[in-house]
Amino acid sequence: MKDTALIVIDVQNDFCPGGALAVPGGDEIVPGINALMTDFGAVILTQDWHPADHSSFASNHPGKQPFEMIEMPYGPQVLWPDHCIQGSDGADFHPDLDTIPADLVIRKGFRPGIDSYSAFFENDHATPTGLHGYLQERALKRLVMAGLATDFCVNFSAVDAAKLGYDVTVRLDLCRAIDLDGSLDAALEGMHEAGVRLEGG
Ligand code: VGL
Ligand code: ZN
């Protein structure tokens with residue numbers, strides 16, 4: 001599968017049990033993701049990478065609690081507990097994730113005023129991360145995605161990739177969800193509508 005990239009989304013300590021924004025069962029997917037890495041033309045890891053004053057943190061909005069919604073200039077935004085702060089242990093990859101085979105680590109969410117769920121665009125759906133250019137230059141046309149969380153960063157990455165014209169498969173068995181107010185069902189529906197292949201669900 002030389003023209004296929006494995007994109008591993010945000011398998012970081014803060015999204016695993018014991019972390020600041022723990023996704024239930026987030027650590028269970030690590031062995032399966034490691035086993036998959038040998039099969040691809042490229043392995044790419046994404047890393048949520050926020051400054052402490054990031055606008056997606058409830059702590060930076062007096063009177064607001066985690067998981068409340070706010071309106072940002074680019075649209076609605078969930079407020080999260082502080083997570084994946086640049087340089088913190090929580091922002092590190094899960095210790096068992098095999099990072100050695102990775103050709104590229106792409107960081108996102110580093111601009112204080114805007115969140116970035118997708119590996120391709122920030123939450124304004126316009127500011128690029130640079131991943132599309134990298135994939136194009138390496139002629140990687142097919143993408144397989146796994147990681148955390150199914151309904152946020154995996155979902156946004158998969159839908160953006162499909163819109164950009166990639167052939168996209170999401171390995172649901174190697175993803176885990178946050179599932180806020182039906183967000184998982186909405187994400188599955190949205191990915192299906194966008195033409196993303198959903199496997200292993
Ligand atoms: C994520 C919420 C906030 C994710 C990142 O990786 O799905 N979710 N930041
Ligand atoms: Zn984040």
Side-chain angles (χ1 to χ4, degrees), residues 6-30 33 44-61 64-70 72 74-94 97 99 105-125 127 129 131 143 145-161 168 170-172 174-188 190-191 196 198:
L6 175 64
I7 304 196
V8 179
I9 309 281
D10 297 2
V11 180
Q12 293 168 259
N13 290 325
D14 271 342
F15 297 124
C16 290
L21 179 42
V23 181
D27 54 343
E28 296 167 3
I29 62 177
V30 173
I33 290 174
I44 295 165
L45 311 178
T46 72
Q47 192 172 26
D48 212 38
W49 194 250
H50 299 308
D53 63 348
H54 198 253
S55 56
S56 79
F57 296 170
S59 65
N60 291 317
H61 299 268
K64 297 287 184 193
Q65 296 301 314
F67 309 108
E68 282 184 41
M69 299 289 301
I70 57 162
M72 292 291 283
Y74 54 82
Q77 170 71 47
V78 182
L79 291 177
W80 302 107
D82 293 14
H83 65 279
C84 297
I85 293 176
Q86 296 172 356
S88 68
D89 292 345
D92 280 349
F93 292 112
H94 186 285
L97 183 73
T99 60
V105 174
I106 187 138
R107 289 174 168 169
K108 60 187 180 62
F110 47 75
R111 291 189 178 88
I114 184 166
D115 208 0
S116 187
Y117 294 150
S118 166
F120 292 91
F121 295 103
E122 305 201 0
N123 285 9
D124 60 359
H125 302 288
T127 307
T129 62
L131 179 58
L143 309 177
M145 296 189 185
L148 306 169
T150 320
D151 40 348
F152 288 91
C153 290
V154 175
N155 171 36
F156 276 62
S157 299
V159 169
D160 279 349
V168 189
V170 169
R171 283 285 302 264
L172 290 174
L174 297 178
C175 295
R176 293 291 184 274
I178 297 174
D179 204 9
L180 275 183
D181 296 329
S183 59
L184 177 57
D185 282 346
L188 294 173
M191 288 191 283
V196 173
L198 300 171

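Remember, it's a predicted structure, so these values are computed and weren't measured experimentally. Counting starts at 1 for both ligands and their atoms, in listed order.
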Give yes or no for whether the N/O distance cutoff of 3.5 Å, strictly under, is met between [X] and ligand 1.
X	answer
Asp10	yes
Ala149	yes
Val154	no
Asp48	yes

Exercise. Can you see which heavy atom on Ala58 is nearest to which on Gln65, and at what distance?
Key: CB-C, 3.6 Å

For residues [X] and [Y], determine if any side-chain heavy atom of one lies less than 4.5 Å from a side-chain heavy atom of the other.
X	Y	answer
Asp10	Lys108	yes
Phe110	Gln47	no
Met145	Val196	no
Leu21	Phe67	yes

Self-check item: Option nearest atom 2 (C) of ligand 1 (shortest heavy-atom distance, choices Trp80, Phe152, Phe156)
Solution: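 The nearest heavy atom belongs to Trp80.
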
Quiz prompt | ligand 1-proximal atoms of Leu148, by part, heavy-atom distance under 4.0 Å | solution =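 Backbone only.
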
Heteroatom test (N, O or S) for [X] near the Zn ion (ligand 2), limit 2.8 Å:
X	result
Asp48	yes
His83	yes
His54	no

Self-check item: Top protein contact for atom 1 (C) of ligand 1, by heavy-atom distance
Solution: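 The protein heavy atom lying closest is Cys153 SG, 3.3 Å.
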
Quiz item: So among Ser59, Ser88, Ser56, which one has a side chain to side chain donor-acceptor pair (under 3.5 Å) with Asp82?
Solution: Ser59

Self-check item: Residues, nucleotides or ligands: over 12 heavy atoms within 6.0 Å of Asp53 CG
Solution: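 Count over threshold, so yes.
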
Quiz item: Using the benzene-type ring in the case of Trp, are the ring centres of His83 and Phe15 under 6.0 Å apart?
Solution: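 So the answer is yes for these two rings.
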
Exercise. Could you list which atoms of ligand 1 come closer than 4.0 Å to a heavy atom of His83?
Key: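 By the 4.0 Å cutoff, the relevant atoms are 3 (C), 9 (N).
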
